[in-house]
2 protein chains.
Amino acid sequence: MKRGTSRDIRTANRYEVLRQIIAASPTSRQELAAATGLSLATVATLVGELLDLRMITEVGFEDSAGGRPRGLVAVNASGGALIGVDIAETYVHVELFDLALNVLARAEENMRPGESRPQQVVSHVAAAAGSVVAQAGVEAARVLGVGVSVPGQVDRATGISEYAPNWDWHDVPLLDLLSEHIAYPLYLDNPLRAGAVAELWFGAARGHGDAVVVNLGTGVGAGLVLGGGLHRGVSNSAGEWGHTTLVLDGRPCRCGNRGCVEAYVGAPGIMQNLSELFPHSPLLHADDQTATIDALAVAVAADDPAAVQVVRETARYLGAGIANLINVLNPEVVVLSSWVAARLGEPLLKEVREAVARHALQRPLAAGRIVVSPIPSDPACLGAATFALEGALQSVGQRHVRRTGVGARSRTASAG
Amino acid sequence: MKRGTSRDIRTANRYEVLRQIIAASPTSRQELAAATGLSLATVATLVGELLDLRMITEVGFEDSAGGRPRGLVAVNASGGALIGVDIAETYVHVELFDLALNVLARAEENMRPGESRPQQVVSHVAAAAGSVVAQAGVEAARVLGVGVSVPGQVDRATGISEYAPNWDWHDVPLLDLLSEHIAYPLYLDNPLRAGAVAELWFGAARGHGDAVVVNLGTGVGAGLVLGGGLHRGVSNSAGEWGHTTLVLDGRPCRCGNRGCVEAYVGAPGIMQNLSELFPHSPLLHADDQTATIDALAVAVAADDPAAVQVVRETARYLGAGIANLINVLNPEVVVLSSWVAARLGEPLLKEVREAVARHALQRPLAAGRIVVSPIPSDPACLGAATFALEGALQSVGQRHVRRTGVGARSRTASAG
DNA sequence: CCGACTTTATAAAGCCCCTTTCCTAACCCC
DNA sequence: GGGGTTAGGAAAGGGGCTTTATAAAGTCGG
């Protein structure tokens, strides 16, 4: 059982202050103190640290109404760059961000079916990472780190992909493999947690102690924010909500079980909902999840009754599953994220809210809002980049090596 | 979003040290330091505090093998008394504990059907509390506090029972009502959290950062230990696992929904499992849950095939529900608690383990043990008493009131 | 029997964190 | 240009934990 130290408080506060600055840039120390609940003095020293790191800059003064004007600080967007890598079953997305987390460059590599060897994946990542750096024209030295999101169970401390069901990987030392091609500090985690961190820093979970980020894609899962931080579980595999049973002895799921949430609300599950209700629907694009979901989204927007019914049926399952999360965890906010949620958007949200209201208990229901993720781009990329940002921030708090002589080496950057 | 302060660290360490002393009494400072990971100096000061409070005493020395012998400390069982109150639908249990959390006296009051007014419940509690103090013959001054567990949603800070479904209470200021009859410091919470705290301090969750305490009684729920502490949720209603959907559109539940876990694995649900499989079973005692479960337990122990089948059927549901918790939360241990679990014991556990293994994912399954609570008595009473113990410990860390003059009042104990 | 060695417990000092308080800086208004 | 007002920094203070030094209390061997 890990004990917390006073340094953890500092780290959390540093995160909080930077989050606030990114969210409301430019801002003043006063506003930061009010928003974070920290004292002015603490905010000032933390702002000082961030200024020293060149992560933020002073950008002038607020107009005064009869006193010394407030100094304003803003993110120093060009003070560094972060790379987020989203490795998925069929593609690798890489995005390069400035420190305000704007996307400066994107690259995408598609993986052919059968490309499942770690080395193949790694070379795609390396190529795309090289590409975004070149595109954006940032100097290598300004890249603070690379966050990598890979599906499955991941041990972030060792950088090992313990288990990736897509490719049947077992204990692949992904970080080591990547570090042969990529010289920047690397951080590894999975898309569920990346999505959760993205929402926590920049999305709908900002400022909330307890939040659930529901990931609706081909696979389904939930990133858990509990007590203001990510909940990882004892073996790094918390959040496998997609494989919780919703319909005992129900529809078979690719995990081998029956009646899992994912079997009903993942993209393939939605396709099945569609084909069961309307076997000959023109919306159905066999073997193409993306096209089918897109078609469904368009049809729903046009009030196509069949599409509406499919969304309602899907929301019936999704709502019950989300109600389960709400009843158990009692979060402040539930965020619907990933590409299926983004495309189906408001119509799905509306139906989901109604379905959740039918299943959840009054008190937890009343306490929790349900929203669609406000993050415009790939949340796994953004979240992965955020891990890199956290890593860069972490190194500030590192204990300084006591210099033993004139020629003492400066401390080395730790990656991962 | 609450920020942590360095005082919270102190409080957590104080809890940890006392937990360890209670668990392994007598013990030495050295052992404590090793067990908690704290430095000797910190352990020594914390032990000093506890000695000052007379919660522990020095009880001699360990035999030395060539050095100064280790001083041994042990719980000072007679240094104080704690009262735990378990208010349930049909009864009020009250137990009085010494500081080693041994039961010194018990009292039980049964509530007649229809006795649902807060004042009626309060008078039962007051009577029973008076009784245990008299039975045990402890002086009033030595009672450090009274913990009260009441079903439903509870706001422990204000002492209000926000919602109790049994009696349709809404926002009953229970702590205020109780304080008119009981002079000791009072602490209010619900049985789910009481059970979790009991396991965390004295039971199967001790030393684990992430644990789930599954409560199987008439009602069903889960107490969540996450990150080493209780997870309450944003509106104090986390843990309502009993009302998560396991069989969409399944059996009706008393919450108004269908297919809830509770409808299959709560005592009434088990009775229904029995009556559906064997409508004329002699095990079935209509309208008497306790008798039926008892009969079932006896029959299972005697390898009665019908009883075995009922337990297996129950475990099928329970296992799926527990697998859901394991997949989402990835805990280190799942504890089966409360009276149904205690009576059905090993036979149920065996079937549950098999059922969980069929539903849970490999990684989280492998990481989590499933056990029956080792706590012999009513875990809600013990947990409630533990809240009182935590409260008594809390007051040590209280900021000292700055004395404004010679006649300054000493600080007042805050209750709740 | 007494000194040497070992081990424990306490005291002191150091470092980290946050807050409160005081003081100077900077601006508006009259 | 002074007075009032607000911002920001420096210093002091209160907690916490750890490392290091010192005192205490044993065993062991000569």
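Just so it is clear, the structure is predicted and the values come from calculations on it, not from any experiment. A, B, ... follow the sequence lines: proteins, then strands. Residue 1 opens every chain. Atom set for the values below is all heavy atoms of this structure, side chains included, hydrogens, waters and symmetry mates excluded.
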| If you check the B:Ala41 side chain, which of C:dC17, D:dA7, D:dT19 turns out closest? | D:dT19
| query | Can a side chain N or O of A:Arg10 be found less than 4.0 Å away from OP1 or OP2 on C:dC18? | reply | yes
| field | Closest to side chain of A:Arg29, choosing from D:dG8, C:dT19, D:dC17 | value | D:dG8
| said: Quick check: on DNA chain C, is the nucleotide nearest A:Thr42 upstream (toward 5') of the one nearest A:Gly67, or the reverse? Name the residue that is more 5'. | reply: A:Thr42
| task | Whole angstrom is fine here: how far is it from CZ in A:Arg70 over to P in D:dG9? | result | 14 Å
| field | Listed nucleotide nearest any side-chain atom of B:Ser39, set D:dG8, C:dC17, D:dT19 | value | D:dT19
| said: Using modelled atom types and a 3.5 Å cut-off, is there a donor and acceptor pairing between side-chain atoms of B:Asp210 and backbone atoms of B:Gly227? | reply: yes
| query | Among the nucleotides C:dA11, C:dA25, C:dA9, which one has an atom lying closest to any side-chain atom of A:Arg68? | reply | C:dA25
| query | Atom CD1 of B:Ile9 and atom P of D:dT18: how far apart are they, to the nearest Å? | reply | 10 Å
| task | Report the distance from atom CD of B:Glu58 to atom C1' of D:dA24, rounded to the nearest whole Å. | result | 14 Å
| query | Of all heavy-atom pairs between A:Leu192 and A:Gly239, which one has the smallest distance, and what is that distance? | reply | CD2-O, 3.5 Å
| request: Give the rounded distance in Å between these two atoms: CG of A:Asp8 and C1' of C:dC18. | output: 15 Å
| Which whole-number value in Å describes the distance from A:Leu40 CG to D:dA10 P? | 14 Å
| For atom CG of B:Leu46 and atom P of C:dA9, their distance in whole Å | 15 Å
| query | Atom CD in B:Gln20, atom CH2 in B:Trp201: separation rounded to 0.5 Å? | reply | 11.0 Å
| field | Atom pair distance, as rounded to whole Å: CZ in B:Arg7 and C1' in C:dC18 | value | 11 Å
| To the side chain of A:Leu38, which of C:dT19, C:dC17, D:dG16 is closest? | C:dT19
| said: Heavy atoms from C-beta onward define the side chain here; which of D:dT18, C:dC16, C:dT20 lies closest to that of A:Ser6? | reply: C:dC16
| Rounded to the Å, how far apart are A:Asp52 CG and D:dG9 C1'? | 14 Å
| query | How would you label the contact of B:Gly48 with the nucleic acid (heavy atoms, under 4.0 Å): base, sugar-phosphate, or nothing? | reply | nothing
| To the nearest 0.5 Å, how far apart are NE2 in B:His231 and CG in A:Asn330? | 6.5 Å
| Hey, which of these two, A:Gln30 or A:Gly66, hits DNA chain D nearer its 5' end, going by closest nucleotide? | A:Gly66
| Does the side chain of B:Asn13 get closer than 4.0 angstrom to OP1 or OP2 of D:dC17 through an N or O atom? | yes
| query | Can you find a heavy atom in the side chain of B:Ile56 that is under 4.5 Å from one in the side chain of B:Leu18? | reply | yes
